[in-house]
A.B. asks: 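Supplied in structure tokens, the structure appears directly below.
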Amino acid sequence: MGYDLVIFDNDGVLVDSEPIANNVLAGYLTELGHPTTYEESVRDYMGAAVHRVHELVLERTGERLPADFDETLQARTCAAFEQELKPVPGVEEVLGALTAHGIGYCLASSGSHERIRVGHRVAGLDGWFEEEWIFSADDVGRGKPAPDLYLHAAGHMGVEPARCVVIEDSLRGIQAAAAAGMDVYGYTALLPAEQLPGATGYFGDMMQLPLLLQLPV
């Protein structure tokens, strides 16, 4: 395989959380007087850290979100995860194949560490990731689409960016990986390839990933 490290986005790539999280976010914004549909939430916020929600609402309306917005959103999202969250089909087979072949992997997510931990516990993925393999936008100054998070992950894992490949399902994530000088494969289970320009390649079924990476399952 041509890579030394596979860096996974988390939401929508490892755990099937994007529909849940975007429904929660759209509902909460609407409740606060900022009508937002699920589709608008996906378009405007998917792949971004929560500070983008604050910035966009302020830019559009001139109003600031409540001081406890982040805390309430996280609590509601984690509660919904507890009821509904599942792993992305095939992802455990992919992680098993990487482990069997001695290929390093980690995750770099726009979500908080708490959200990542809750999601992995509910989805049954917590056994696959050591704590030091988990990186959050909370760890860096700028989230996606800036390259900071992916460069931070690669640096801590001790791998040069050119030897990394990123697995992403959002445009902001693809832009971040490309800006970091990494190859990136777009996972198209939620959004089609035409909405994810700039990737090295695309796949719609997680079981196709080992073949793209020339790694037999």
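Only a predicted model underlies this, so the values are computations on that prediction, with no experimental measurement involved.
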A.B. asks: Do V6 and I167 make a side-chain contact, defined as non-hydrogen atoms from C-beta onward lying under 4.5 Å apart?
C.D. replies: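 With C-beta onward as the side chain, the pair touches.
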A.B. asks: For the pair T36 (side chain) and T30 (backbone), establish whether a donor and an acceptor sit closer than 3.5 Å, ignoring hydrogens and angles.
C.D. replies: no
A.B. asks: Keeping the roles fixed (side chain from R163, backbone from L5), state whether a donor-acceptor pair exists under 3.5 Å.
C.D. replies: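 Such a contact is absent between R163 side chain and L5 backbone.
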A.B. asks: Tell me whether the count of non-hydrogen atoms from other residues, nucleotides or ligands lying under 6.0 Å of CD in E55 goes above 12.
C.D. replies: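 Yes, enclosed.
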A.B. asks: Given Q175 and K144, is the side chain to side chain contact (heavy atoms under 4.5 Å, CB included) satisfied, shown in steps?
C.D. replies: CA-CA 8 Å; Q175 291 170 335; K144 305 169 187 178; over 6 Å; no
A.B. asks: Would you call E93 and M207 a side-chain contact if the rule is heavy atoms closer than 4.5 Å?
C.D. replies: yes
A.B. asks: Once you round to the nearest 0.5 Å, how far does CG of L25 lie from CD of E40?
C.D. replies: 11.0 Å
A.B. asks: Establish whether V184 and V140 are linked, either directly or via other cluster members, by ILVMFWY side-chain heavy-atom contacts under 4.5 Å.
C.D. replies: yes
A.B. asks: Run through V159, V166, D183 and flag the one making a side-chain contact (heavy atoms from CB on, under 4.5 Å) with Y3.
C.D. replies: D183
A.B. asks: Mind checking the NE2-CG spacing from H120 to L14? Nearest 0.5 Å is all I need.
C.D. replies: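 That separation rounds to 5.0 Å.
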A.B. asks: Going through the checks in order, is the side chain to side chain contact (heavy atoms under 4.5 Å, CB included) test met by V57 and F69?
C.D. replies: CA-CA 12 Å; V57 169; F69 178 85; over 6 Å; no
A.B. asks: May I ask you to test the L29-L65 pair for a side-chain heavy-atom distance under 4.5 Å?
C.D. replies: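 Heavy-atom side-chain distance check passes, below 4.5 Å.
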A.B. asks: Let me see the working for V50 and R115 under side chain to side chain contact (heavy atoms under 4.5 Å, CB included), right down to the final yes or no.
C.D. replies: CA-CA 12 Å; V50 70; R115 172 169 160 163; over 6 Å; no
A.B. asks: Can any side-chain N or O of Y202 pair as donor or acceptor with the backbone N or O of L196 at less than 3.5 Å?
C.D. replies: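 Side chain of Y202 to backbone of L196, a donor-acceptor pair under 3.5 Å: yes, one is there.
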A.B. asks: Over all heavy atoms of both residues, which pair between G12 and V88 is shortest? Give the atoms and the distance, please.
C.D. replies: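 Scanning both residues completely, I find the closest heavy atoms to be O-CG2, 3.7 Å.
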A.B. asks: Does a side-chain N-to-carboxylate-O contact under 4.0 Å join E82 and R121?
C.D. replies: yes
A.B. asks: If hydrophobic clusters are built by linking Ile, Leu, Val, Met, Phe, Trp and Tyr wherever their side-chain heavy atoms come under 4.5 Å apart, do V118 and W128 end up in the same one?
C.D. replies: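 Yes, same cluster.
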A.B. asks: To the nearest 0.5 angstrom, please state how far the CZ atom of R52 sits from the CZ atom of R172.
C.D. replies: 4.0 Å
A.B. asks: Could you tell me whether a side-chain N or O of E71 sits under 3.5 Å from a main-chain N or O of D68, the two making a donor and an acceptor?
C.D. replies: no
A.B. asks: Of all heavy-atom pairs between D169 and L191, which one has the smallest distance, and what is that distance?
C.D. replies: O-CD1, 4.1 Å
A.B. asks: Could you grab the distance from atom CZ of R117 to atom CG of D126, nearest 0.5 Å is fine?
C.D. replies: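 Between R117 CZ and D126 CG, I get 11.5 Å after rounding to 0.5 Å.
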A.B. asks: Is the F203 to Y187 ring centre distance short of 6.0 Å?
C.D. replies: yes
A.B. asks: Starting at OG1 of T77, measure out to CG of N23 and round the result to the nearest 0.5 Å.
C.D. replies: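 It is 10.5 Å, given to the nearest 0.5 Å.
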A.B. asks: Let me check something: do L149 and F129 share a hydrophobic cluster, defined by ILVMFWY side-chain heavy atoms less than 4.5 Å apart, either directly or through other members?
C.D. replies: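 Yes: a chain of side-chain contacts under 4.5 Å links L149 to F129.
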A.B. asks: Please check if the side chain of H101 supplies one atom and the backbone of A97 the other of a donor-acceptor pair under 3.5 Å.
C.D. replies: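 Yes, because the side chain of H101 sits within donor-acceptor range (under 3.5 Å) of the backbone of A97.
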A.B. asks: Identify the residue among N10, D139, L107 that makes a side-chain contact (heavy atoms from CB on, under 4.5 Å) with I134.
C.D. replies: L107
A.B. asks: Kindly say whether the aromatic ring centers of Y150 and F135 come within a distance under 6.0 Å.
C.D. replies: no
A.B. asks: Under 3.5 Å, side chain of S109 to main-chain N/O of S136, donor-acceptor pair present?
C.D. replies: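 Between the backbone of S136 and the side chain of S109 there is no qualifying donor-acceptor contact (under 3.5 Å).
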A.B. asks: When rounded to the nearest 0.5 angstrom, what is the spacing between OH in Y105 and CE in M157?
C.D. replies: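 It comes to 9.5 Å.
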A.B. asks: Taking C-beta and beyond as the side chain, do R60 and D44 meet within less than 4.5 Å on heavy atoms?
C.D. replies: yes
A.B. asks: Please step through side-chain hydrogen bond (donor to acceptor under 3.5 Å, both in side chains) for the pair S17 and D11, ending with a clear verdict.
C.D. replies: CA-CA 5 Å; S17 55; D11 291 298; 2.5 Å; yes
A.B. asks: Go through the steps to decide whether L73 and V24 satisfy the test side chain to side chain contact (heavy atoms under 4.5 Å, CB included), and finish with yes or no.
C.D. replies: CA-CA 8 Å; L73 177 64; V24 170; 4.0 Å; yes
A.B. asks: Taking all heavy atoms of A137 and all of G143, pick out the closest pair and write down the distance.
C.D. replies: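 Closest pair (atom of A137, atom of G143, distance): CB-CA, 4.4 Å.
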A.B. asks: For the residue pair A193 and T188, what are the closest heavy atoms and their distance?
C.D. replies: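 That closest heavy-atom pairing would be N-CG2, 3.8 Å.
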A.B. asks: Identify the heavy atoms of I174 and A199 that sit nearest to each other, and give their distance.
C.D. replies: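 Residues I174 and A199, closest heavy atoms: CG2-N, 3.9 Å.
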A.B. asks: State yes or no: do Y38 and Y28 share one hydrophobic cluster built from I, L, V, M, F, W and Y residues joined by side-chain heavy-atom distances below 4.5 Å, directly or via other members?
C.D. replies: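 Shared cluster, no.
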A.B. asks: Can you name the nearest heavy-atom pair linking P89 to M206, along with the distance?
C.D. replies: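 P89 and M206 have their closest heavy atoms at O-CB, 3.3 Å.
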A.B. asks: Linking I/L/V/M/F/W/Y whenever their side-chain heavy atoms sit closer than 4.5 Å, directly or via other members, would M46 and L85 fall into one cluster?
C.D. replies: yes
